[in-house]
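Note: hydrogens, waters and symmetry copies are ignored here, and every other heavy atom, side chains too, is used.
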Amino acid sequence: MEFTLAKQRVRENYLNSSTETTNVSQGLIIVSEFIPSARVLRGALIVNPWNVVDVTNALKEALEMPESEINDRVRRNLEFSTRLTTTTWAQQVLYDLKCVEKSDDPNSTSTFGFGTGFRVIGVRAGFHTLDVSIVSKAYRSASNRLILLDWGGTLVAEGQKSDNLHAYAMAQGHLSRDGITDQLKNYLTNLCSDEKNYVFVVSGKDLGTVSTYFSAVEGLGLAAEHGCYYLWPRDEITQNSKEELDLSRSNWNTMLSYVDQSWKDAAKKIMENYVKRTHGTYIEQKGNALIWQFRDADPEFGFLQSKELEDHLKEFLTSYPVEIIRGGGAADGYIEVRLAGLSKGHFLVHALEILKSKNIKCDFILAVGDDTSDEPMFEEISKLRNIEGLSAFSVTVGKKPTSAFSYVDDINGVTELINTLSKVNSNTTFQMDKKYLSTIDLKSHHRLQDNRRQNNSVVEGIALSSSHRASSDNHLYKPDEDEVKKTDKKVLFNNEFKTTSVQTTTPGLGFSRSGSNAHLSMTAYLHSISEDQDEEGGNFF
């Protein structure tokens, strides 16, 4: 393009300066087919530069080409080169930037992984790593808090999900899920100790299993079978047997007024037929749910059979209050039949209704989970985020397509989150006495230190040892003996480090002066700071 423009300027200058009417040669461009300009310069001759015959023929064609055709080719190149200049390109870029608007699409894409593990996943716009400081700030200022935590994959690891034999053993009751660690148990206990907190562990497991593992955590609320049965926080567990529970003789409650179990026999018989015809499948029972697992079957045949089973169950169980759910993928999928209206999302709404009936306004909600059963809970959080005065957070474990707004990398991130909130809960700093702005109750702390200093001043005396004075004080003002007698001595004493310093008020100078603190440790120095109160009741020191 530069050649075309330069050639045109040379021709125009020659015509303007010459009196002859003979046209100067326009010239012709021969370009390689491997350069970008070959796609836009329609008047050029396109060749393969590595093909000698091709280049030779192009040179011969250019030399023998009629003048009219040459002019036509140059005209086409010149039209493109003068129309799409650098200035035009810059103006177009600025115009496109000006026309950009914020997308209303709630979805976006995110990439992760390297090499063969590289994947592009579709996620909610704004999906990001959890900022614990934002959650802590909202938690601290909340008056009542509802916290829902999943069990498997959230509080305890499920690293053996890919182990089909382990999954089968758990489904048949030969193995049990790992319980929480003693450390996490302490964190949960501290979190539940705050009367403002209503903390639940919400699981798809049956009532007996959930109560067995978590009954030792004082003040913790439990929700089994996706919230079908629940125990309100700080209610005592009167029965935790895996046998059928008599709700009338316990503190356990249910979201359903009547639990219809008549569908189970029919659904189980249908599933058993598909177990016989599909090698590697089995039935798992979870309280009020039946699950047909085909993770061990041939992926292609198992998936085809699952589609047929799903259609069969939907047709046969139409008159029953159940829902048929497909979960997992082709290699680890399942078909689940459970009572309609049961999900962790429904339980969240039910818990909020109970709090409202008790005239308790909840202004902080935190939901943490890791799999598809937690998605209804995240979807309810999305609906609540626009309510004024309510801080709602949804957190998933791992970066994946989800309805949650943030994520943590693994269960260690969940443990650290619970630990952080439990520390905020137990810290005396965050009581409603807003005039204290430090991490300890400075008023009671300094009162205790003053008492210690008064007691120790009687024993140790009030003399200032010269060995405690730093050499950097030699240039400071030193009062004579008569002036020292007139000063008002204040002894600051640290019992732990056995160090003293004297603060003197020099008459007529208008300021206070202390002995050097260079010999003190940081703890001793902080203990020696005096605290006063300003006119507005705040503390400064």
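- You'll find the side chain of Ile365 stays beyond 4.5 Å of the side chain of Phe393, heavy atoms only.
- Under the 3.5 Å distance criterion, the side-chain polar atoms of Gln293 are left unmatched by any main-chain donor or acceptor of Tyr282.
- Note on Arg326 versus Glu310: salt bridge recorded, some NZ/NE/NH1/NH2 to OD/OE distance being below 4.0 Å.
- Atom CD of Glu315 is surrounded by 12 or fewer heavy atoms from other residues, nucleotides or ligands within 6.0 Å.
- Taken from OG in Ser193 to CD in Glu218, the straight-line distance is 9.0 Å, to the nearest 0.5 Å.
- Between Tyr213 and Thr209, the closest side-chain pair of non-hydrogen atoms falls below 4.5 Å.
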- Task: Decide side chain to side chain contact (heavy atoms under 4.5 Å, CB included) for Lys286 and Lys205; before the verdict, give the C-alpha distance in whole Å, the side-chain angles of both, and the deciding distance to 0.1 Å.
- Result: CA-CA 6 Å; Lys286 288 185 178 181; Lys205 292 295 183 181; 4.2 Å; yes
- Message: Ser262 vs Tyr320, test: side chain to side chain contact (heavy atoms under 4.5 Å, CB included). Steps then yes/no.
- Response: CA-CA 8 Å; Ser262 60; Tyr320 293 94; 3.5 Å; yes
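- Between Leu188 and Ile180 the shortest side-chain heavy-atom distance falls below 4.5 Å.
- A donor-acceptor pair is defined here as one N or O able to donate and one able to accept, closer than 3.5 Å; no such pair exists between the side chain of Arg145 and the backbone of Cys362.
- Here the side chains of Leu290 and Met271 are in contact, with some heavy-atom distance below 4.5 Å.
- Distance alone, capped at 3.5 Å, is enough to place a donor-acceptor pair between the Lys400 side chain and the Asp370 backbone.
- The side-chain tip of Arg234 points at the ring of Tyr198 from less than 6.0 angstrom away and within 45° of straight on.
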- Task: Test ring pair (Phe, Tyr, Trp, His ring centres under 6.0 Å) on His350 and Tyr230 and set out the steps.
- Result: CA-CA 11 Å; His350 185 71; Tyr230 64 91; 5.3 Å; yes
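- With rounding to the nearest 0.5 angstrom, the CZ atom of Arg338 is 13.5 Å from the NZ atom of Lys264.
- Salt-bridge check for Lys383 with Glu380: passed, with a basic side-chain N closer than 4.0 Å to an acidic carboxylate O.
- Counted within 6.0 Å of NE2 on His279, heavy atoms from surrounding residues, nucleotides or ligands total 12 or fewer; the atom is thus considered open.
- In this structure, Gly369 and Asp374 approach most closely via the heavy-atom pair CA-OD2, 3.3 Å.
- The main-chain N or O of Thr281 is never found under 3.5 Å from a side-chain atom of Thr278 such that the two would form a donor-acceptor pair.
- Under the 3.5 Å distance criterion, the side-chain polar atoms of Arg385 are matched with a main-chain donor or acceptor of Ala392.
- In this structure, the side chain of Asn273 does not engage the main chain of Lys276 through any donor-acceptor pair within 3.5 Å.
- Screening Phe347, Phe214, Tyr229, Trp151 for a ring-ring contact (aromatic ring centres under 6.0 Å, His included) involving Phe200 leaves a single residue, Phe347.
- In this structure, Ala351 and Trp232 approach most closely via the heavy-atom pair O-CH2, 3.9 Å.
- The two atoms that bring Met377 and Ala367 nearest to each other are CG-CB, 3.7 Å, heavy atoms only.
- Annotation for Leu339 and Glu323: closest pair O-OE2, 3.8 Å, computed over non-hydrogen atoms.
- Using a 4.5 Å cut-off on side-chain heavy atoms (C-beta onward), Leu348 and Ile381 make contact.
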- Item | Pair Leu148-Lys344, side chain to side chain contact (heavy atoms under 4.5 Å, CB included): steps then yes or no | CA-CA 9 Å; Leu148 305 181; Lys344 295 181 181 180; over 6 Å; no
- Can you check ring pair (Phe, Tyr, Trp, His ring centres under 6.0 Å) on Phe294 and Tyr274, steps first, answer last? CA-CA 10 Å; Phe294 61 95; Tyr274 281 85; over 10 Å; no
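- Once rounded to the nearest 0.5 Å, the distance linking OG of Ser141 with CG of Asp363 reads 7.0 Å.
- With values rounded to the nearest 0.5 angstrom, Ser394 atom OG is found 9.0 Å from Glu375 atom CD.
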- Query: Would Trp292 and Gln305 count as a side chain to side chain contact (heavy atoms under 4.5 Å, CB included) if you check the C-alpha gap in whole Å, the side-chain angles of each, and the deciding distance to 0.1 Å?
  - Reply: CA-CA 11 Å; Trp292 186 77; Gln305 290 292 89; 4.1 Å; yes
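- Not a single donor-acceptor pair under 3.5 Å links the side chain of Asn197 to the backbone N or O of Val199.
- The shortest side-chain heavy-atom distance between Leu352 and Leu384 falls under the 4.5 Å cut-off.
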- Task: Could you check Glu308 against Arg277 for salt bridge (Lys or Arg N to Asp or Glu O under 4.0 Å), going step by step and ending with a plain yes or no?
- Result: CA-CA 12 Å; Glu308 184 177 337; Arg277 68 172 70 171; 3.3 Å; yes
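- The closest donor-acceptor contact from the side chain of Asn144 to the backbone of Lys361 lies under 3.5 Å.
- Of the inter-residue distances, the one linking Leu366 atom CG with Leu417 atom CG reads 6.0 Å to the nearest 0.5 angstrom.
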- Query: Given the rule in the side-chain hydrogen bond (donor to acceptor under 3.5 Å, both in side chains) test, do Thr402 and Tyr407 qualify, once you have shown the distances and angles that lead to the verdict?
  - Reply: CA-CA 10 Å; Thr402 177; Tyr407 70 94; over 6 Å; no
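- The shortest side-chain heavy-atom distance between Leu421 and Val135 falls under the 4.5 Å cut-off.
- The closest donor-acceptor contact from the side chain of Ser422 to the backbone of Ile418 lies under 3.5 Å.
- Residues Asp194 and Tyr139 share a closest heavy-atom pair of OD2-OH, 4.5 Å.
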- Item | CA sep, side-chain torsions, deciding dist, call: Thr189, Asn186, side-chain hydrogen bond (donor to acceptor under 3.5 Å, both in side chains) | CA-CA 5 Å; Thr189 302; Asn186 293 333; 5.3 Å; no
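- Here the side chains of Leu155 and Asp150 are not in contact, with every heavy-atom distance at 4.5 Å or above.
- Listed here is the closest heavy atom pair of Met255 and His226: CE-O, 4.3 Å.
- Atom CG in Leu207 sits 8.5 Å away from atom CG in Leu231 (nearest 0.5 Å).
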